[in-house]
Amino acid sequence: MLNRSIAACFAAASLVALPVQASEVEVLHWWTSGGEAKSVASLKSSLQKRGVSWQDFAVAGGGGENAMTVLKSRAVSGNPPTAAQIKGPDIQEWGELGFLASIDDVAKKNNWDGVLPGVVSDVMKYQGKYVAAPVNVHRVNWLWANPEVFRKAGASIPTTWADFMVQAKKIQDAGYIALAHGGQAWQDNTVFEAVVLGVGGAEYYKKAFVELDMKALNSSTTDEVFKVFGELRQFIDANAPGRDWNVATSMVINGEAAMQIMGDWAKGEFAVAGKNAGTDFVCVAAPGTSDGFTFNVDSFAFFQQSDVNKQSAQKAMAEEILGTNFQEVFNLNKGSIPARLGMARAKFDTCAHDSMNAFVSTAQSGGLVPSFAHGMAVPGAVAGAITDVATNYFNSDTSPADGKAQLVAAIQAAM
Ligand code: GAL
């Protein structure tokens with residue numbers, strides 16, 4: 001995702017010193033929806049209790065593409081924030097460019113290797129040292145449903161893609177929007193990812209979309225994936241283009257639409273609206289994915305600072321993030337589950353319990369896979385190529401065979 005040639009020009013540039021305020025962190029993130037903002041507020045207030053003040057650097061835009069663009073320009077000008085929401089393989093790229101600060105002493109002191117699952121801690125390290133702290137684990141392959149709309153339409157919640165088409169038609173015939181969707185590239189790709197896992201299964205998903213195995217990508221499974229993905233076009237409404245994901249969630253909340261396929265940050269919106277899991281809304285694995293788990297870990301990476309006050313503020317932030325109290329409060333608001341192992345479950349709802357159980361069982365079965373739609377699976381250039389193909393396909397009448405050919409060509413060009 002980072003442009004290495006530009007990066008080379010500025011990597012050597014020294015950081016510009018900012019006016020210093022004792023113990024302050026400036027934090028870049030993209031959490032601006034109702035549930036997201038509540039989650040950020042909990043981080044801000046936990047830090048304030050430690051005497052660390054918070055300078056908010058929010059860049060709106062679901063999925064974080066806008067935020068990453070702004071981060072790059074701040075870094076290029078030698079003025080990166082204290083910490084930024086950076087995920088997955090991008091952490092390595094920023095590490096390679098020499099921007100990130102080690103917080104390994106905090107990690108050692110607090111036994112992060114012992115309290116984090118390996119699949120999470122591996123991503124937080126650059127050259128064996130922690131440079132980022134994980135706040136959560138999101139499961140992306142969810143379907144959110146309004147049970148009242150299903151009742152009124154005489155439909156049942158689908159567990160396979162074939163059944164999805166049948167039930168969605170019933171909902172549409174009853175006068176509701178079957179699938180609430182926001183026509184933005186990352187949302188198209190989020191739905192595409194659910195179809196990939198549901199149609200192809202975890203082995204195909206890993207071969208094709210993590211290992212980028214050309215045989216798997218060229219297989220007939222990919223034709224089937226595009227066929228099913230294309231069939232979903234008929235179930236979204238004409239106003240979808242450009243719609244934010246949380247607006248799509250609100251359509252399910254208020255009964256205008258029956259379903260949304262979205263990661264469990266959507267649950268944060270149901271929570272803010274005062275809705276309860278199991279009664280007001282239902283969460284089930286996206287069709288065909290009940291034995292799979294596409295994981296998406298949000299984390300904050302720390303940028304090198306010359307000022308010692310800022311360095312100690314970073315360490316306080318890192319320590320706070322992995323604290324049990326913060327992990328609980330933050331994740332109750334965010335819809336995700338704690339990144340930290342061994343947390344008490346009592347305050348979490350049934351969706352979170354399902355996610356916690358599935359995280360453990362899929363780690364054993366092989367169904368636990370990194371989300372390519374949320375920057376966890378492949379380098380940025382490849383992730384961008386997949387997003388482009390998915391969104392172009394979904395917003396045209398491209399045939400499955402052409403979709404597959406475009407995917408293969410785009411991935412090959414980006415590798
Ligand atoms: C994801 C991120 C989530 C959520 C979502 C929508 O990429 O991991 O925390 O914020 O975007 O903005």
Side-chain angles (χ1 to χ4, degrees), residues 1 27-43 56-71 83-91 119-120 123-124 132-142 144 180-194 242-250 252 260-272 293-301 321 326-327 330-339 351-352 355 359 369-378 380 383-384 386-387 390-391:
M1 203 171 276
V27 185
L28 178 134
H29 62 89
W30 63 87
W31 288 331
T32 55
S33 77
E36 290 175 334
K38 234 180 140 186
S39 313
V40 174
S42 71
L43 180 53
D56 202 44
F57 185 7
V59 180
E65 205 186 328
N66 300 345
M68 289 304 101
T69 305
V70 172
L71 177 62
Q85 196 186 339
I86 304 180
K87 300 192 296 193
D90 269 8
I91 295 173
V119 75
V120 174
V123 185
M124 302 299 136
V135 290
N136 64 3
V137 177
H138 273 302
R139 188 184 194 188
V140 186
N141 58 309
W142 282 114
W144 306 92
H181 182 66
Q184 297 174 347
W186 74 271
Q187 293 186 63
D188 295 341
N189 202 28
T190 299
V191 175
F192 179 62
E193 177 176 281
R243 177 188 286 142
D244 286 331
W245 67 272
N246 52 315
V247 176
T249 310
S250 72
V252 179
Q260 183 183 22
I261 292 163
M262 187 50 66
D264 44 20
W265 46 92
K267 204 181 71 188
E269 304 307 298
F270 285 99
V272 163
F293 189 124
T294 36
F295 68 90
N296 171 23
V297 177
D298 286 313
S299 47
F300 286 100
I321 282 175
F326 171 76
Q327 288 270 321
F330 179 88
N331 285 296
L332 285 170
N333 288 317
K334 191 71 172 66
S336 38
I337 60 173
C351 301
S355 183
F359 188 59
V369 295
S371 166
F372 66 77
H374 290 274
M376 299 301 298
V378 285
I386 298 171
T387 309
T391 193

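Remember, it's 1-based here, ligands and their atoms both numbered in the order they're listed.
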K.L.:
Evaluate the ring planes of Phe372 and Phe192, with Trp represented by its six-membered ring, and classify them as parallel (under 30°), tilted (30 to 60°) or perpendicular (over 60°).
P.N.:
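Ring orientation, 0 to 90° scale: perpendicular.
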K.L.:
Please report which non-hydrogen protein atom sits nearest to atom 2 (C) of ligand 1, along with the residue it belongs to and the distance in Å to one decimal place.
P.N.:
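The closest one turns out to be Asp298 OD1, 3.4 Å.
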K.L.:
Would you check if there is a donor-acceptor pair between the side chains of Asp264 and Ser336 at a distance under 3.5 Å?
P.N.:
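Distance-only check fails for Ser336 and Asp264.
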K.L.:
Quick check, are the ring centers of Trp142 and Phe270 under 6.0 angstrom apart?
P.N.:
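Trp142 vs Phe270: aromatic centres not under 6.0 Å.
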K.L.:
Working to the nearest 0.5 Å, report the span between CE of Met262 and NE2 of His138.
P.N.:
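One finds 11.0 Å between CE of Met262 and NE2 of His138.
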K.L.:
State whether a side-chain donor-acceptor pair under 3.5 Å links Thr391 with Asp188.
P.N.:
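On atom types as modelled, these side chains qualify, holding a pair under 3.5 Å.
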K.L.:
Under 4.0 Å from any heavy atom of Gly62, which atoms of ligand 1 are there?
P.N.:
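Within the 4.0 Å cut-off of Gly62, ligand 1 contributes 12 (O).
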K.L.:
Using a plain distance cutoff, I'd like to know if Gly61 has any nitrogen or oxygen under 3.5 Å from a nitrogen or oxygen of ligand 1.
P.N.:
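No; the residue has no nitrogen or oxygen that sits under 3.5 Å from a nitrogen or oxygen of the ligand.
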K.L.:
Heavy-atom contacts with His374 under 4.0 Å: which atoms of ligand 1 show up? List them by number with element.
P.N.:
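So the answer, numbered in order with elements, is 1 (C), 7 (O).
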K.L.:
Numbering the atoms of ligand 1 from 1, which are under 4.0 Å from a heavy atom of Glu36?
P.N.:
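Taking each heavy atom of Glu36 in turn, ligand 1 has 4 (C), 5 (C), 6 (C), 10 (O), 12 (O) under 4.0 Å.
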K.L.:
Purely on distance, is any nitrogen or oxygen of Trp265 under 3.5 Å from one on ligand 1?
P.N.:
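No: no nitrogen or oxygen of Trp265 is under 3.5 Å from one in ligand 1.
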K.L.:
Say whether Asp244 and Gln184, considering side chains only, have a donor N or O and an acceptor N or O under 3.5 Å apart.
P.N.:
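Note: Asp244 and Gln184 side chains meet the donor-acceptor criterion.
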K.L.:
Would you say Lys87 and ligand 1 have an N/O pair spaced under 3.5 Å apart?
P.N.:
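Yes; the residue has a nitrogen or oxygen that sits under 3.5 Å from a nitrogen or oxygen of the ligand.
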K.L.:
Decide whether an N or O pair under 3.5 Å exists between Lys334 and ligand 1.
P.N.:
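Between Lys334 and ligand 1 (N or O atoms, distance only) the closest approach is under 3.5 Å.
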K.L.:
Rounded to the nearest 0.5 Å, how far does CD1 of Ile321 lie from CG of Asp298?
P.N.:
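Spacing of CG (Asp298) from CD1 (Ile321) equals 10.5 Å.
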K.L.:
Are Gly64 and ligand 1 in contact, using a heavy-atom cut-off of under 4.0 Å?
P.N.:
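Contact absent.
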K.L.:
Looking only at distances, please establish whether an N/O atom of ligand 1 is found under 3.5 Å from an N/O atom of Asn136.
P.N.:
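In this structure, Asn136 places no N or O atom under 3.5 Å from an N or O of ligand 1.
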